[in-house]
Amino acid sequence: MTQERYNPRDAEPRWQRVWAERGIFETKNDDPRPKYYVLEMFPYPSGRIHIGHGRNYVMGDVVARFKRMKGFNVLHPMGWDAFGLPAENAAIERNSHPKVWTYENIETMKAQLKLLGLSLDWSREIATCDPAYYAEQQKIFVDFFDKGLVYRKESEVNWDPVDNTVLANEQVIDGRGWRSGALVERRKLSQWFFRITAFAEELLSALDTLDRWPDKVRLMQRNWIGRSEGLSLRFQLDASTTPLGTSEIEIYTTRPDTLYGASFLAIAANHPLAEKLAEENAELAEFIAECRRGGTSAEAIETQEKLGFDTGVKAEHPLVPGWFLPVYVANFILMDYGTGAIFGCPAHDQRDLDFARKYGLPVKPVVLPEGEDPASFGVGDIAYDGDGTLFNSAFMDGLSIPDAKDAVAKRLENQSLGNAPQGKRQVNFRLRDWGISRQRYWGCPIPVIHCPSCGPVPVPKEDLPVRLPEDVTFDRPGNPLDRHPTWKHVACPKCGTAAVRETDTMDTFVDSSWYFARFASSAHMSPLAKEAVDHWLPVDQYIGGIEHAILHLLYSRFFTRALTACGRISVAEPFAGLFTQGMIVHETYKDAAGKWLFPEEVEKRSDGTAVRKGTEEPVTVGPPEKMSKSKKNVVPPEVVADSYGVDCARWFMLSDTPPERDSEWTEAGIEGAWRFAQRIWRLVNEAVDLAGPTPVAPTTFGPEATAIRRAAHRLVAHVAEDFDRLRFNVAVARVHAYVNGYADAVNAARARAGALPADEAAALLEGARMLVGVIAPMIPHLAEECWTVLGGEGLVAEAPWPVADAALLVEDEMTLPVQINGKKRDELTISATASDADIEKAVLALDGVARALEGRSPRKIVIVPKRIVNVVV
RNA sequence: GCGGGCGUGGCGAAACUGGUAGACGCAAGGGACUUAAAAUCCCUCGACCUUGGUCAUGCGGGUUCGAUCCCCGCCGCCCGCACCA
């Protein structure tokens with residue numbers, strides 16, 4: 001018999017060739033079987049792939065292969081999120097072109113991905129930087145424009161005053177530009193926005209329909225959208241303290257009930273009133289300039305020291321005539337949220353309290369926690385934001401918080417300021433419209449022409465795409481499109497006068513907000529063919545990193561709605577099922593000089609120390625971290641493919657760690673996978689050897705054969721369940737457990753004198769076939785090899801999922817743990833159909849129970865069906 | 001700062017989300033086979049007490065016949081925060 005080792009270096013490329021030659025992963029849109037769309041978030045072509053990228057794709061591949069076996073017409077495509085900042089950085093650093101760099105990376109990474117043996121339909125491959133792709137995106141932009149979903153407004157960017165360029169948030173390090181080191185400031189720019197807030201309510205409420213999304217992601221989106229019900233309220237300003245023309249400030253609050261606890265008003269540094277006041281007030285102007293220092297990110301703004309500036313303006317309390325509150329400009333108030341102005345109630349808001357303490361403002365509690373004495377209750381360093389009853393609040397005294405909110409809203413709705421109600425109930429969202437303008441070259445051009453007489457005019461669809469010019473240089477900072485000698489100069493499509501193109505390009509999140517719909521059309525179809533999109537969407541299983549939980553997924557949900565609103569598609573939600581996988585981490589290594597080393601440069605000693613391979617030079621081993629090029633803790637797929645084979649890598653990636661958690665890549669782990677692969681290969685060969693040529697199917701099975709069959713059928717049923725729930729680590733554990741039992745059966749069969757009875761031979765072969773079917777989605781190459789040995793028909797990649805016989809899954813006996821007062825004292829094995837009375841009787845007869853009872857009589861016996869018995873004394 | 005998550009043996013974890021805590025794997029130790037090694041196979045493997053117990057799921061409380069799971073309060077680590085993708 002062939003007891004050679006399984007050789008992945010021979011088998012893996014061979015099977016990959018067979019799959020490719022037969023085109024079995026190329027999906028037809030007109031296939032009558034039920035559809036299943038599985039998609040992993042497409043990669044940014046950053047250079048080279050490492051095994052850490054692979055986990056995502058391998059998990060998707062298991063799903064794709066499993067669903068194929070289950071009889072679905074599976075769509076499993078791949079593409080490239082190819083626009084973005086790193087290509088421009090590479091262009092600057094190595095004086096190459098972003099396009100050249102990007103396509104070189106795509107070529108490399110595609111070859112690497114192919115090594116993994118993924119069942120991808122490469123015929124639908126896309127790259128977002130392909131004009132064929134972004135042409136459609138520009139059409140979508142024009143559709144959105146026509147539908148009123150695009151508009152222009154001013155918003156702030158990170159400005160590097162030395163390089164005179166806009167910086168991304170990640171390019172701002174500790175408030176300074178990453179190249180120039182200059183202090184970054186916020187600067188206003190006119191930019192394009194998608195009106196995502198038009199769908200805020202729906203994006204929120206539809207989260208309830210996404211029952212195959214992780215709760216945590218839905219919660220994050222809910223909080224991000226941040227619907228709140230509150231009151232918008234206008235404060236009259238003391239005319240003697242304000243410049244002409246400003247007589248009021250409008251604020252938004254979700255806590256109007258605390259209005260009697262107000263001690264100040266605060267407005268954003270870029271609030272129109274602040275800017276107007278600054279014209280007359282040099283000190284304030286200086287303060288505002290100070291506020292503008294630093295980046296635009298919420299993180300930067302909210303972690304900086306809270307500062308305020310008393311403008312001298314006084315605002316009259318709407319409920320207490322003659323009570324004036326000071327108006328501050330504060331660096332933590334965001335112009336983008338609400339009205340860019342708040343009233344501060346220090347007793348019941350921590351940020352307001354910190355501010356009040358800093359500037360010596362009064363702190364007056366108006367909500368009394370239950371059980372506190374109104375005479376003595378005070379607030380120290382911690383604001384009270386809990387439940388309670390209103391006090392110190394005139395007509396609201398004694399009311400609950402919700403009742404007080406209602407009462408004060410009613411009062412202010414009926415109170416006039418100017419000719420309008422002073423207060424208005426208002427639903428507010430934290431979600432802001434999506435700014436898509438980027439002052440960069442390597443992105444999709446925004447198809448707009450700015451005409452001096454017509455204003456911004458969308459480029460007519462027949463003139464699309466607006467192509468990126470390729471003759472650009474990156475020898476100085478700024479956007480090459482803007483300084484290109486000819487590209488932007490065009491005639492206005494409306495009136496023909498000399499006009500200029502928009503030189504901003506789109507946020508790369510736009511590219512990834514519809515790519516999943518692009519895959520629905522095969523290569524020769526139009527890029528967003530409605531029929532195809534409506535057929536394939538939603539994606540049945542989407543897999544990607546948790547870092548995309550909010551932005552990418554929310555933008556994609558918006559796009560689906562906006563495209564539907566434009567009549568381009570009819571889809572409610574883009575992703576019916578979502579799974580967020582963890583990263584692969586690896587130890588890091590540094591040599592004596594502190595330089596990072598690749599894992600293959602390091603030799604680990606049995607005493608736990610490590611040295612540089614082939615030397616005595618000590619190496620410092622660091623804790624496992626996310627695989628990254630910069631720290632060199634990466635394992636390239638080629639290295640694995642050339643040694644253990646990619647099946648072992650796939651098996652290892654699926655083993656042990658739950659897929660949503662980070663998983664550590666270790667040499668020992670991959671060795672374990674190798675041993676297991678060899679073990680399967682040996683067992684399958686041995687089973688074929690023992691059972692001989694395909695035996696006649698027996699009609700009855702003896703106890704040995706039945707035991708083998710029970711285990712196999714149970715394996716099939718359990719693993720199918722595990723795959724459906726994406727619990728790959730549990731599936732792997734089940735396969736291990738099964739193989740342990742199967743090996744025992746093979747050993748027993750071998751030890752048996754004489755020929756193997758036909759029923760056992762048949763059971764062994766069935767057990768092997770089922771095993772191979774079950775592992776096929778996970779380690780497809782080895783499975784094909786085993787399938788051949790077992791005489792399976794065709795390819796296992798195209799074989800149906802094995803069918804588990806329900807009759808073999810039921811147990812006729814059960815073993816119940818027996819507890820006394822919640823501690824396990826004994827076990828009871830009894831017929832699975834035993835009644836509670838039978839169980840009770842049998843339990844009391846147990847030795848362990850009698851011993852534990854020590855003559856006492858049980859007070860109560862809790863019987864949980866098929867689970868446990870607890871005797872309470 | 002705000003929002004979200006995670007925490008179980010030496011290590012990765014499992015436990016059908018209220019019912020035997022530690023399945024399965026890795027590492028380690030012992031043994032068999034071998035001239036030897038590799039490979040393979042068998043056994044041991046949370047801690048503490050000499051059977052049987054006691055203690056153990058980050059820490060401290062609570063609810064329950066029973067808590068890794070639910071509630072309250074801490075500690076530590078990770079992710080996101082709108083121009084990284």
Side-chain angles (χ1 to χ4, degrees), chain A residues 5 41 43-44 46 81 83-86 157-158 166-172 191 196 214-217 219-224 226 295-304 306 332 336 350-351 354 430-440 507-509 512 545-552 554-555 580 582-583 626 652 655-658 660-664 666 668-669 671-673 675-676 678-679 682 718 721 727 729-730 732-738 740 743 747 815-827 851 859-862 864 866-873:
Chain A
R5 278 205 190 170
M41 291 179 184
Y44 179 78
S46 56
D81 189 11
F83 275 137
L85 209 47
V157 294
N158 301 309
V166 177
L167 299 177
N169 279 341
E170 75 158 4
Q171 296 173 319
V172 179
Q191 309 198 66
I196 187 172
D215 287 340
K216 61 177 172 183
V217 174
L219 190 56
M220 281 191 254
Q221 292 218 347
R222 194 165 287 135
N223 290 336
W224 184 263
T296 58
S297 73
E299 191 190 357
I301 290 165
E302 288 182 39
T303 50
Q304 70 192 350
K306 313 262 178 299
F332 58 92
D336 289 319
Q350 191 60 44
R351 207 159 53 172
D354 296 343
R430 207 186 74 98
L431 179 68
R432 311 196 297 254
D433 277 332
W434 174 12
I436 60 149
S437 297
R438 298 290 181 271
Q439 297 69 41
R440 289 182 230 299
D507 179 5
T508 55
F509 271 125
S512 55
I546 184 72
E547 65 274 19
H548 294 295
I550 296 175
L551 293 180
H552 162 59
L554 195 61
Y555 291 153
T580 56
M583 295 177 307
K626 175 179 181 172
F652 175 50
S655 303
D656 293 345
T657 304
E660 69 277 9
R661 240 185 260 180
D662 288 351
S663 158
E664 190 186 350
T666 61
E671 278 169 15
R675 280 196 298 271
F676 190 67
Q678 296 299 341
R679 188 169 189 216
R682 262 195 324 272
H718 282 156
E721 221 171 89
R727 293 155 46 88
N729 59 321
V730 182
V732 164
R734 281 197 217 279
V735 172
H736 270 291
Y738 170 78
N740 288 343
N747 288 340
T815 298
L816 296 174
V818 178
Q819 300 181 326
I820 310 291
N821 286 340
K823 303 224 169 201
K824 192 197 158 191
R825 288 295 127 104
D826 211 331
E827 263 179 7
R851 195 184 327 126
R859 196 155 57 93
K860 187 165 135 197
I861 298 179
V862 182
V864 183
K866 314 229 162 200
R867 279 287 157 78
I868 203 165
V869 180
N870 191 12
V871 181
V872 187
V873 198

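Values below: all heavy atoms of this structure, side chains included; hydrogens, waters and symmetry mates excluded. Residue numbers start from 1 in every chain, and the chains themselves are labelled A, B, ... in the order their sequence lines are given, proteins ahead of strands.
Rounding to the nearest 0.5 Å places CG of A:Asp507 at 12.5 Å from CZ of A:Phe83. Atoms CD and CG, from A:Gln171 and A:Leu85 in turn, are 4.5 Å apart once rounded to the nearest 0.5 Å. For the atom pair A:Arg734 CZ and A:Asn729 CG, the distance stands at 10.0 Å (nearest 0.5 Å).
Note on A:Ser297: every side-chain N or O is 4.0 Å or more away from OP1 and OP2 of B:C81.
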Could you pull out the protein-nucleic contacts involving nucleotides 44-55 of chain B (nitrogen or oxygen on both sides, under 3.5 Å)?
from	atom 1	to	atom 2	distance (Å)
B:U54	OP2	A:Arg825	NH2	3.2
B:C55	OP2	A:Lys823	NZ	3.0

Using a cutoff of under 3.5 Å, can you pull out all pairs of nitrogen or oxygen atoms linking the protein to nucleotides 1-4 of chain B, with atom names and distances?
from	atom 1	to	atom 2	distance (Å)
B:G1	N2	A:Glu302	OE1	3.4
B:G1	N3	A:Glu302	OE1	3.4
B:G3	O3'	A:Asn223	ND2	2.9
B:G3	O2'	A:Asn223	ND2	2.9

Atom pairs, protein N/O to nucleotides 72-75 of chain B N/O, distance under 3.5 Å:
none

Shorter than 3.5 Å, N or O on both sides, protein versus nucleotides 25-27 of chain B: list them out with atom names.
from	atom 1	to	atom 2	distance (Å)
B:G25	OP1	A:Asn740	ND2	3.1
B:C26	OP1	A:Arg675	NH2	3.2
B:A27	OP2	A:Arg675	NH2	3.3

For nucleotides 9-11 of chain B, tabulate all protein N/O to nucleotide N/O atom pairs closer than 3.5 Å, reporting atom names and distance.
none

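With sequence neighbours excluded, the residues satisfying salt bridge (Lys or Arg N to Asp or Glu O under 4.0 Å) with A:Asp336 are A:Arg432. Every side-chain contact (heavy atoms from CB on, under 4.5 Å) that A:Ile196 has, sequence neighbours left out, goes to A:Leu203, A:Leu431, A:Asp433, A:Trp434, A:Leu554, A:Tyr555, A:Phe558. Residues passing the salt bridge (Lys or Arg N to Asp or Glu O under 4.0 Å) test with A:Arg679, sequence neighbours excluded: none. Qualifying side-chain contact (heavy atoms from CB on, under 4.5 Å) partners for A:Lys823, counting only residues two or more places apart in sequence or in other chains: A:Arg825. In this structure A:Lys824 satisfies the side-chain contact (heavy atoms from CB on, under 4.5 Å) test together with A:Pro817, A:Glu827, sequence neighbours excluded. For the side-chain contact (heavy atoms from CB on, under 4.5 Å) test, residues two or more places apart in sequence or in another chain that qualify with A:Gln304 are A:Ile301, A:Asn331.
In RNA chain B, runs of at least 3 stacked Watson-Crick or G-U pairs (N1-N3 plus N6-O4 or O6-N4, or N1-O2 plus O6-N3, all under 3.5 Å) give these stems: B:1-7 with B:75-81, B:10-12 with B:24-26, B:28-32 with B:40-44, B:46-49 with B:52-55, B:58-62 with B:70-74.
Considering only side-chain atoms of A:Val864, the nucleotide from B:A85, B:U20, B:G19 that sits closest is B:G19.
Remark: the A:Thr296 side chain and the A:Asn169 side chain contain an N/O donor-acceptor pair separated by less than 3.5 Å.
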